[in-house]
Trainee: 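Below is a structure I'd like to ask you about.
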Amino acid sequence: GKIELNSSSDNGKTFSCAIGGPILNSLSFRLAASKHSQDGFRKNIFLNREDTNSKNESFLRTKFCWQPLKSFSLFFTNFTSNQNNNYDAWAPNNNKEFITYTNRLGKDSQKSNTNAIKIDFKELFGFNTLYKYSNTTIDIIHSYDSDWGNDTYWFEEHGFDPSIEGWSYDYFDQTNRIKKIITNELIINSNKIIKLPFNTNFVIGFYSSNSSQTDNASGWLFGGDAT
């Protein structure tokens with residue numbers, strides 16, 4: 001096994017570990033995980049926070065290999081990620097001090113889960129056969145304060161007074177996207193057990209992929225309110 005700890009500027013912390021080995025004579029595994037967090041190099045003076053552009057990410061991968069026969073192997077892999085990141089990167093004055101003025105916190109997050117199976121069967125009825133299957137689900141949220149400021153900033157810097165104008169210069173946009181993908185792949189090729197004329201070999205393959213995606217957008221730009 002292996003464990004690693006790291007620290008970096010902007011309150012950055014990283015932890016990772018990996019372990020693996022045999023469970024039974026025919027079954028082995030490997031587990032790897034990592035966790036990273038960081039404040040994000042921004043200071044929001046309206047919210048009085050330094051983590052409004054922060055990163056908080058975790059990853060986990062699990063693998064199993066089962067080989068009960070010399071000619072048969074089954075591999076299973078699961079990969080999970082959770083990237084729960086904030087988003088607060090823009091400022092109306094484009095300053096070089098990385099100061100932001102937003103009053104509503106954005107997100108740049110993604111949750112993913114993938115399962116994969118691989119079956120390798122050598123010399124099955126005189127052929128080598130390989131089958132692969134995977135399914136993946138991805139859940140994404142991207143949102144941000146689309147006016148980049150707050151009522152106080154717009155009044156002090158640009159003289160915009162909501163009480164006089166009758167409306168507030170305050171917008172927020174968000175997109176939530178969910179995507180699912182399923183794949184299948186089959187490969188069959190000849191081997192030396194079957195004698196083909198003229199010393200011929202062949203490969204036959206099949207691949208399919210099915211994906212679906214839903215989007216839910218809201219706000220001034222993403223939701224179409226601007227039009």
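In this chain, numbering begins with 1 at the start of the sequence shown.
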Trainee: Please indicate whether Asn48 has more than 12 foreign heavy atoms, meaning atoms of other residues, nucleotides or ligands, lying under 6.0 Å from its CG.
Mentor: no
Trainee: Where do Phe72 and Trp66 land on the side chain to side chain contact (heavy atoms under 4.5 Å, CB included) test, with the steps shown first?
Mentor: CA-CA 8 Å; Phe72 177 84; Trp66 182 46; 4.0 Å; yes
Trainee: Just checking, any donor-acceptor pair under 3.5 angstrom between side chains of Asn113 and Asn78?
Mentor: yes
Trainee: With sequence neighbours left out, write down each residue that passes side-chain contact (heavy atoms from CB on, under 4.5 Å) with Ile164, or none if nothing qualifies.
Mentor: Asp161
Trainee: Count the heavy atoms belonging to other residues, nucleotides or ligands that lie under 6.0 Å from NZ of Lys63, then report whether that count exceeds 12.
Mentor: no
Trainee: Is Phe155 reachable from Phe46 through a run of I, L, V, M, F, W or Y residues, each pair having side-chain heavy atoms under 4.5 Å apart?
Mentor: no
Trainee: When Ile, Leu, Val, Met, Phe, Trp and Tyr are grouped by side-chain heavy atoms lying under 4.5 Å apart, directly or through other members, which residues fall in the same group as Tyr207?
Mentor: none
Trainee: Hey, any chance Tyr131 and Phe121 share a hydrophobic cluster, counting ILVMFWY side chains that come within less than 4.5 Å of each other, even indirectly?
Mentor: yes
Trainee: Do the side chains of Leu186 and Val203 join up, straight or via other hydrophobic residues, at under 4.5 Å, putting them in one cluster?
Mentor: no
Trainee: Classify the ring geometry of Trp154 against His158: parallel below 30°, tilted from 30° to 60°, perpendicular beyond 60°.
Mentor: tilted
Trainee: Members other than Phe172 in its cluster, when Ile, Leu, Val, Met, Phe, Trp, Tyr link by side-chain heavy atoms under 4.5 Å?
Mentor: none
Trainee: Give a yes-or-no answer on whether the side chains of Ser54 and Asn86 include a donor-acceptor pair shorter than 3.5 Å.
Mentor: yes
Trainee: Give a yes or no on whether Leu24 atom CG has more than 12 heavy-atom contacts from other residues, nucleotides or ligands under 6.0 Å away.
Mentor: yes
Trainee: Verify the distance criterion only: is there a donor paired with an acceptor across the side chains of Asn56 and Ser37 at less than 3.5 Å?
Mentor: no
Trainee: Supply the atom-to-atom distance Leu69 CG to Leu74 CG, rounded to the nearest 0.5 angstrom.
Mentor: 11.5 Å
Trainee: Test Phe79 against Phe59 for side chain to side chain contact (heavy atoms under 4.5 Å, CB included), laying out the working first.
Mentor: CA-CA 8 Å; Phe79 180 79; Phe59 303 90; 3.8 Å; yes
Trainee: Could you pull out the closest heavy-atom pair between Gln38 and Ser9, with the gap in Å?
Mentor: NE2-O, 2.9 Å
Trainee: Please state whether the rings of Tyr144 and His142 are parallel, tilted or perpendicular, taking 30° and 60° as the class boundaries.
Mentor: tilted
Trainee: Looking at Asn94, I want to see if its CG is surrounded by more than 12 non-hydrogen atoms of other residues, nucleotides or ligands under 6.0 Å.
Mentor: no
Trainee: Check whether Ile182 and Ile178 end up in the same hydrophobic cluster, where Ile, Leu, Val, Met, Phe, Trp and Tyr are linked by side-chain heavy atoms less than 4.5 Å apart.
Mentor: no
Trainee: Quick check for you: to the nearest 0.5 Å, what is the distance between Asn103 atom CG and Asp145 atom CG?
Mentor: 5.0 Å
Trainee: Quiz question: by atom type and distance under 3.5 Å, do the side chains of Gln174 and Asn176 form a donor-acceptor pair?
Mentor: no
Trainee: Between Lys107 and Asn84, does a side-chain hydrogen bond (donor to acceptor under 3.5 Å, both in side chains) hold up when you go through it step by step?
Mentor: CA-CA 8 Å; Lys107 300 288 291 185; Asn84 186 24; 2.7 Å; yes
